[in-house]
Amino acid sequence: MRRLGARVLALALLLASSAWADGFDAALRRAVAAKELALDHDEPAAWLETLRAFQDADAIHSTPETKYELGGAAAHLKQADLAVESYEAAVALGLQGAALSHAQEYLAQNAANMAHVSLRGSAGAEVRVDGAPRGRLPLARPLTVFAGAVKLEVVELDGTRQARALTLRAQETQELDLSVGPLAANAAPPSATNSTANAAPPSATNSTPAQSATPSAPIAGWVLLVSGGAVLTAGVVLLPVAQGKLGDARGELAGLCLVRAGSDACTTPQTGQRDAAQSQVDRIATWKAWRAGAWAGVGTGAALATTGLLLVLGRHEDRPSAQVGVVSTNTEFGLNVAGTF
């Protein structure tokens, strides 16, 4: 029974990781597609959809690339406060290459005009700045806002609203405690679909394995084998697509630049081609993130399918139970599976 319980726990972790990978990949695909549309049409509505799509992906898993893309969409919408906040987060997470240079250039031009608000309050409450949604409490970082008069609004899970009018000096950080008694401790967590870019990611350590009837090993094995194969196939299909798009963007960038810094940056664009060159640099960063997601799908799918195959083969109960480790960094996600089933 102890070994069977270990198997159930391993299965729960694997299925959770598969759902996580599928959710992040799907959200990232939607965000990339939205950005491609926005680059083609360059309309506020298209950039707003891009911003929201990357917020959804970032709420599932924050990476330097998702934060960078959030900053780019916000900059196109003239939301410099959110752009500065996102670019600062991207740099802190380890942004590299041409994207890092672009983010630092934007921060040098705009960060000095910003102030910060450190908020404490009820878990799950939505935070709005001048009417624009900026995340749910607890926030991963202090809010970045324009210096001067700021209207801050917090909407509790029960619909109760608190509004505060603040006046901040440039580079000032103000702390604000909005706790409202029992609600702060007992509020239910927010829905993942409503989370925005600044919401802290959920912790996998809070998940509790289901205590319902345990599926048999062969059934669980087939579930893992099929789902893992699907994730692996998706990753394998997406890899050449992402690589091809990346090559196309690099080729177009080469035609727009007089002097390049490596294959992904343009030091001196041709006359009148600065914006076009920057658009290609942004596309390169986006497709590099897409390619990283495809590799993650390949690794996760292979681990799931392998584990499922071991279960289907029906190893005996006296074998050691499996040990499953979840490996997550700012830019990668994977599984470490050891032992036998």
Side-chain angles (χ1 to χ4, degrees), residues 28-29 31-42 46-47 50-51 53-55 57-58 61-80 82-112 114 144 197 238-296 329-332:
L28 190 59
R29 287 195 295 270
V32 171
K35 181 182 176 181
E36 290 294 306
L37 186 63
L39 288 171
D40 289 340
H41 298 283
D42 198 21
W47 282 111
T50 301
L51 176 67
F54 275 108
Q55 284 176 332
D58 186 73
H61 183 52
S62 290
T63 69
E65 291 76 21
T66 58
K67 290 296 186 186
Y68 175 78
E69 296 296 348
L70 275 174
H76 276 90
L77 293 168
K78 310 301 182 186
Q79 297 182 20
L82 177 56
V84 167
E85 180 177 279
S86 300
Y87 280 144
E88 287 180 337
V91 172
L93 287 172
L95 189 67
Q96 297 179 355
L100 174 61
S101 299
H102 178 68
Q104 290 174 331
E105 180 181 353
Y106 188 91
L107 291 173
Q109 296 173 355
N110 296 276
M114 301 298 163
T144 298
L238 286 174
L239 269 176
V241 174
Q243 190 64 41
K245 292 289 187 179
L246 187 58
D248 292 343
R250 285 170 171 164
E252 293 185 28
L253 180 64
L256 297 169
C257 289
L258 294 175
V259 179
R260 298 177 67 186
S263 61
D264 300 342
C266 180
T267 303
T268 306
Q270 294 188 15
T271 303
Q273 298 297 327
R274 179 181 178 84
D275 290 342
Q278 185 58 56
S279 293
Q280 295 307 317
V281 170
D282 289 346
R283 289 185 68 187
I284 289 171
T286 298
W287 284 110
K288 287 172 72 175
W290 184 280
R291 183 178 62 182
W295 275 117
T329 68
N330 289 330
T331 57
E332 299 179 349

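In this chain, numbering begins with 1 at the start of the sequence shown. Keep in mind the model is a prediction, meaning the values are calculated, not measured.
Contact of the R291 side chain with the K245 side chain is not registered, since no non-hydrogen atoms from C-beta on lie closer than 4.5 Å. Residues H102 and Q278 have side chains in contact (heavy-atom distance under 4.5 Å, counting atoms from C-beta outward). Annotation: side chain of L51 is in contact with side chain of L82 (closest heavy-atom distance under 4.5 Å). Between T286 and E69 there is a side-chain heavy-atom pair separated by less than 4.5 Å. For the pair D42 and W47, the minimum side-chain heavy-atom distance is below 4.5 Å. In this structure, Y87 and L100 have side chains that are not in contact, with every pair of non-hydrogen atoms separated by 4.5 Å or more. Between D282 and K35 the shortest side-chain heavy-atom distance falls below 4.5 Å.
To the nearest 0.5 Å, atoms CG (L238) and CZ (R29) are separated by 6.0 Å. To the nearest 0.5 Å, the span separating CD on E88 from CE on M114 amounts to 9.0 Å. Atoms CD and CG, from E65 and L95 in turn, are 7.0 Å apart once rounded to the nearest 0.5 Å. One distance of note links OG of S86 with CD of Q79; it measures 9.5 Å at 0.5 Å rounding. In this structure, CG in L256 is found 6.5 Å from CD in Q270, a value given to the nearest 0.5 Å. For the atom pair CG (L107) and CD (E85), the distance works out to 11.5 Å, reported to the nearest 0.5 Å.
Nearest heavy atoms, L93 versus P64: O-CG, 3.5 Å. Counting all heavy atoms, side chain and backbone alike, L253 lies closest to A265 at CD2-N, 3.9 Å. Summarising the geometry of P269 relative to L258, their closest heavy-atom pair is O-CD1, 4.0 Å, with the distance given to 0.1 Å. Heavy atoms only, all atoms of each residue included: T50 and A34 are closest at OG1-O, 3.1 Å. The two residues Y68 and A285 come nearest to each other via the heavy atoms CE2-CB, 4.0 Å. The shortest non-hydrogen separation linking A80 to N110 is CB-OD1, 4.4 Å.
Put simply, the side chain of D58 never gets that close to the backbone of F54: no donor and acceptor are under 3.5 Å apart.
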